[in-house]
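Here the structure is laid out as structure tokens; the discussion comes afterwards.
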Amino acid sequence: MSKIGVFVCHCGENISATVDCARVAETAGNYDGVAFSVDYKYMCSDPGQNLIKNAIKEQGLTGVVVASCSPRMHEPTFRKACAEAGLNPFMCEMANLREHCSWVHEKGEATTEKAIDLVRILVEKVKYNHSLNEIKVPVTKTALVIGGGIAGIQASLDIANTGHKVILIEKDPSIGGHMSQLSETFPTLDCSQCILTPRMVEVAQHPNITLYTYAELESLEGFIGNFKAKIRRKSKSIDEKLCTGCGLCTTKCPVKKIPSEFNEGLGKRTAIYVPFPQAVPNKPVIDRANCTYYIKGKCKVCEIVCPTGAIRFDQEDQIMEVEIGAIVIATGFTVKQPDFFPEYGYGKFPDVITGLQFERLASASGPTLGEIRRPSDGKIPEKIVFLACAGSRDPAKGIPYCSKICCMYIAKHAMLYQHKVHGGKSYVFYMDIRAGGKQYEEFVRRAIEDDGVNYVRGRVSRIYEKNGKLIVAGVDTLLNAMPVEIDADMVVLATAGVANEGAEELAQKLHVSYDPYKFFAEAHPKLKPVETNTAGIFLAGACQAPRDIPESVAMASGAAVKVAALFSKDELTREPIIAVVNRQAPPVYSSCVGCFLCVSACPYQAIEKEEIKNRNGEVIKSIAKVNPGLCQGCGTCVAFCRTKSIDIQGYTNEQMYTEVMALLNEY
Amino acid sequence: MVDLIKRTKELLETSEVKVVIGYEQGSGNKTRALFVEKPEDADKLIFDSRCVQNLAAYVTKKEIKEKGKMAITATLPVMRSIIQLASEFQVNDSNLLVLGITPESKMIEFKNLVEVEAFVHQFQIEIDDRNKEMLDRLEKMTKAERWKFWIDELTPCFKCYACRAACPMCYCSRCTVDVNQPQWIPVSSDELGNLEWHIMRAIHLTGRCIDCDACYNACPLAIPINLLTKKMLVDAKEHFGGYQPSLKGDHLMSTYKPDDKENFIQ
């Protein structure tokens with residue numbers, strides 16, 4: 001016979017203002033199996049919890065129903081209280097009298113009746129509860145970081161410095177990401193590479209970090225603490241052990257006119273190349289799509305000149321399998337490219353460039369060695385126009401969000417221009433200046449007030465060419481929407497920051513969710529910004545939304561701490577609210593017929609085949625088996641199972657049926 | 001038919017299979033399933049237009065599986081059922097040989113299920129005009145009229161479960177109605193109990209039913225329960241794309257595809 005305790009909480013006045021809590025407790029006290037029933041002002045307070053603990057001990061309760069707020073709030077509190085009093089925590093149920101009743105209804109008889117119903121269904125349910133134990137899962141203490149930009153670098157270093165192993169993979173030949181392309185950084189105007197390269201070197205030298213560049217994730221299976229990843233190491237066509245990075249091959253390669261990705265197409269590179277001088281690792285790769293040998297079968301100049309004989313034309317992609325416990329996604333972002341702005345002539349006029357291209361022009365390591373020169377004729381532009389929100393905040397373009405970094409980098413660009421081109425004139429067309437951040441507003445004011453950048457509040461309708469000038473036709477909304485035309489020598493578009501190409505596929509490989517713009521989705525916009533909905537997979541940097549450097553770094557460190565916390569224990573504990581396939585005595589073994597429709601229905605790949613064998617090792621029956629480490633307890637398989645062979649522990653068919661019947665039956 | 005009898009004899013004589021499932025003359029003008037285990041019994045095999053019973057219902061039966069490898073006389077609907085059963089891991093090449101009967105009543109022996117699948121995929125599952133008309137009629141009814149139609153049709157059902165026994169997809173060793181802890185579907189044959197049973201049956205067959213009408217043919221009261229599965233076939237097609245049983249196991253209802261319309265949920 002059950003001995004159930006019912007504990008009705010007033011939640012101050014949150015519940016008692018509309019529900020007659022005393023009556024709920026009194027009515028519940030009369031139900032079969034209820035041994036103790038009481039109402040109290042704050043059940044979550046220490047005296048409230050003691051009420052529960054004492055009743056468990058004194059009355060010998062076998063089940064507890066706390067009628068208070070949503071289990072999302074205080075379920076852990078009350079489960080813990082029960083456990084401390086010696087009752088299995090999963091014998092505790094919560095009736096949500098606050099969110100489901102008192103907050104959404106007027107004071108009245110019907111509200112109290114509903115509260116009574118809510119308590120009754122759980123009293124009936126708890127009679128069918130069983131003691132459950134937390135699930136323990138071992139943890140592989142190695143992290144995989146995907147993406148070697150500043151976020152991935154920071155996350156790798158932070159994890160590695162806690163003493164855990166890190167595998168960092170980067171799809172390009174070098175780590176560094178977008179930050180390595182930047183000239184100076186706001187709001188301090190310090191050189192981007194000067195602050196980044198020491199970190200890149202640290203990654204390469206760190207004993208806990210294994211770096212694979214030119215590598216991508218092929219597939220992922222497993223679950224938190226126990227992932228198995230396949231990594232494709234694309235062939236670099238060189239033997240990295242022999243290559244000394246002398247660079248002779250790159251100087252002799254006859255194919256010299258390939259637009260350099262690092263220089264955003266403004267410079268050229270060879271077919272065998274190191275993307276930039278400070279690349280880590282500083283060893284070349286052969287770009288097979290452009291290499292004469294791979295196209296025509298002849299050349300091999302690099303092989304001839306290589307002093308160590310490190311060129312390997314027949315090298316193949318390698319697939320590596322690694323076991324890891326956690327993943328940090330730090331795959332970054334990209335900016336909107338040509339053809340997206342036909343009205344601004346991008347792609348048609350060579351002197352209309354993106355912000356990222358401007359970074360390369362202003363960078364000392366760039367194609368112009370840091371001088372601001374027009375891509376078309378190499379002249380120094382006397383008048384330059386910057387356009388904020390090119391694509392961003394434009395629902396018509398499908399990008400309603402703010403790309404966040406542009407206001408700041410435009411101010412920086414204009415400032416750099418003024419510093420480098422004395423007497424030059426710069427204009428910024430903007431919608432609003434968003435300079436929220438430490439020293440950010442001061443930085444923008446400096447551009448306007450000290451460096452004389454002309455800020456025009458308004459949008460540009462189109463750019464066209466006239467007499468060798470780029471005519472920027474816009475409007476000044478602060479001057480009563482007066483049309484403005486500027487005959488510029490060069491135009492820089494702050495094109496929208498968007499998710500990387502392939503972000504969607506990666507999300508599907510990793511089973512993490514993503515937003516409508518293909519940015520990876522965080523688990524909670526405020527309280528879980530670096531977690532994904534998939535346990536053990538975390539986010540850092542601009543793969544989640546446009547982010548500036550300080551934010552990316554902070555996120556990376558946040559994600560690293562989450563990984564370190566996960567690795568701080570040898571075993572993970574998980575709630576046992578998972579699906580279980582029934583097992584019965586022979587000759588039935590299980591009512592499962594092995595149709596495995598649940599396998600395809602499971603969104604977490606948590607169901608596998610189990611073969612039941614006799615003593616001779618012959619398979620008698622194949623049935624479904626739920627992996628307790630992977631199962632998230634969603635219940636999709638339960639709904640799919642025609643034989644009703646699967647139950648969610650804590651929410652069994654029997655418990656659900658009992659709840660429904662408790663509501664339907666008259667009392 | 002000569003081919004079928006000859007091949008059956010060969011298969012049994014060489015012990016390539018232990019049992020051949022086919023049709024024989026039954027009582028009256030009816031045909032019934034025949035399980036040939038001895039070569040001399042092969043002469044009882046018949047095949048004509050009366051042979052509409054879906055023999056695939058037998059391939060999952062324990063008593064027949066125990067005999068060893070089976071061969072089955074399979075018309076198009078039977079072959080479809082077999083492909084669906086194979087995708088649900090109930091049969092495979094090692095325990096089943098398919099002696100197909102083409103719509104032109106010719107016998108073709110398939111080497112394996114992949115060949116059967118290729119043959120089956122030449123034909124789309126089409127609902128015949130008479131049933132289409134019935135579905136249209138149901139669709140045009142008001143909710144109240146439709147409710148009355150089904151209550152009237154289903155109330156006489158006395159739950160003999162002949163529909164379940166005749167259906168090749170109803171191979172579960174424990175049907176939902178047999179679960180009594182808890183008893184979600186009431187066992188009594190009353191208005192509610194009957195309705196729940198038939199709705200449950202239609203739902204469980206959605207995306208799996210190959211529209212062979214075996215359930216309707218088996219019903220002693222000739223209740224048009226196949227209209228329910230046909231309607232589900234039409235709806236599933238509309239919401240989740242076409243249905244064709246396939247060995248790939250991309251089950252219509254349990255597999256998410258990015259191009260699923262899911263317009264029922266909006």
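Numbered from 1 within each chain, the chains take letters A, B, ... in sequence-line order.
The distance from atom CG of B:L252 to atom CG of A:L597, rounded to the nearest 0.5 Å, is 10.5 Å. Interatomic distance, A:E654 CD to B:Q181 CD, rounded to the nearest 0.5 Å: 5.5 Å. Atom CD1 in A:I623 sits 14.5 Å away from atom CZ in B:F89 (nearest 0.5 Å).
Other residues, nucleotides and ligands contribute more than 12 heavy atoms inside 6.0 Å of the NZ atom of B:K61. Remark: A:Q584 CD is packed, more than 12 non-hydrogen atoms of other residues, nucleotides or ligands lying under 6.0 Å away. Within 6.0 Å of NZ in A:K625 there are 12 or fewer heavy atoms belonging to other residues, nucleotides or ligands. No more than 12 heavy atoms of other residues, nucleotides or ligands shown are found within 6.0 angstrom of OH on A:Y128. Atom CD of A:E221 sits in a sparse spot, with 12 or fewer heavy atoms from other residues, nucleotides or ligands closer than 6.0 Å. Heavy-atom contacts from other residues, nucleotides or ligands closer than 6.0 Å to NZ of B:K65 number more than 12. Heavy atoms of other residues, nucleotides or ligands lying less than 6.0 angstrom from CG of A:D32 number 12 at most.
Taking both residues in full, the closest heavy atoms of A:S591 and B:R174 are given as OG-NH2, 3.3 Å, listed atom of the first, atom of the second, then distance. A:S600 and B:S254 get closest at one heavy-atom pair: OG-OG, 2.6 Å. Counting all heavy atoms, side chain and backbone alike, A:T643 lies closest to B:V179 at O-CG2, 4.0 Å.
With hydrogens and angles ignored, the 3.5 Å screen pairs a side-chain donor or acceptor of B:Q90 with a backbone N or O of A:V593.
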Trace of the side-chain contact (heavy atoms from CB on, under 4.5 Å) decision for B:W184 with A:M656: CA-CA 10 Å; B:W184 284 110; A:M656 294 300 103; 4.2 Å; yes

CA sep, side-chain torsions, deciding dist, call: B:M169, A:R642, side-chain contact (heavy atoms from CB on, under 4.5 Å): CA-CA 11 Å; B:M169 289 306 138; A:R642 304 188 302 276; over 6 Å; no

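Of the atoms belonging to B:M253, heavy atoms from both backbone and side chain fall under 4.5 Å from chain A.
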